[in-house]
Amino acid sequence: MLLAFGVLVCALVVLTIIARKVAAHNAHPLDERVRRAMQLRRANALDVATKPVTWLSMPLVVVTATAALVWWLHHIGRNNAALAIGLTPVVAAISVLLYQARFL
């Protein structure tokens with residue numbers, strides 16, 4: 001439990017640093033270093049393994065899968081779960097838009 005908390009805190013610190021660099025428009029050198037490092041380690045087997053993840057992260061697929069899950073949960077009587085899952089992307093989208101309107 002303590003290890004998981006430590007990993008969470010480290011991830012939070014790293015993401016905070018990156019977010020501050022992005023907000024200050026100062027992330028390009030970091031982005032280039034990470035991109036070069038990833039390209040050096042690129043392999044065809046890894047490309048094949050990550051292709052489904054790339055397809056599943058497309059907005060049309062995510063929206064369709066979320067809508068299907070909400071419908072199924074509503075259909076089997078799990079209305080609270082359907083509501084929570086259906087509202088989560090909407091709240092996230094509104095939060096991003098509000099953040100962009102305020103800070104960007």
Rounded distance [0.5 Å steps], CD1 in I85 versus CG in N80: 11.0 Å

Pair up each side-chain donor or acceptor in residues 47-55 with any protein partner under 3.5 Å, not counting sequence neighbours, and list the distances.
from: D47; atom 1: OD1; to: R42; atom 2: NE; distance (Å): 3.2
from: D47; atom 1: OD2; to: R42; atom 2: NE; distance (Å): 3.0
from: D47; atom 1: OD2; to: R42; atom 2: NH2; distance (Å): 3.3
from: T50; atom 1: OG1; to: L46; atom 2: O; distance (Å): 3.0
from: T50; atom 1: OG1; to: D47; atom 2: O; distance (Å): 3.3
from: T54; atom 1: OG1; to: T50; atom 2: O; distance (Å): 3.1

Counting only heavy atoms from other residues, nucleotides and ligands, does the tally under 6.0 Å from CG of N26 exceed 12? yes

If you measure from CG on L3 to CG on L8, what distance do you get to the nearest 0.5 Å? 11.0 Å

Given R20, which partner from the list I18, T16, V22 fulfils the side chain to side chain contact (heavy atoms under 4.5 Å, CB included) test? T16

Taking a hydrophobic cluster as the set of Ile, Leu, Val, Met, Phe, Trp and Tyr residues connected by side-chain heavy atoms closer than 4.5 Å, whether directly or through intermediates, do V14 and V34 fall within one such cluster? yes

Can you tell me how far apart CZ (R41) and CZ (R36) are? Round to the nearest 0.5 Å. 12.0 Å

Would you be so kind as to tabulate the donor-acceptor pairs closer than 3.5 Å made by side chains of residues 65-77, with sequence neighbours excluded?
from: T66; atom 1: OG1; to: V62; atom 2: O; distance (Å): 2.8
from: H74; atom 1: ND1; to: N79; atom 2: OD1; distance (Å): 2.7

Taking every heavy atom of G86 against every heavy atom of V90, the minimum-distance pair comes out as O-CG2, 3.7 Å

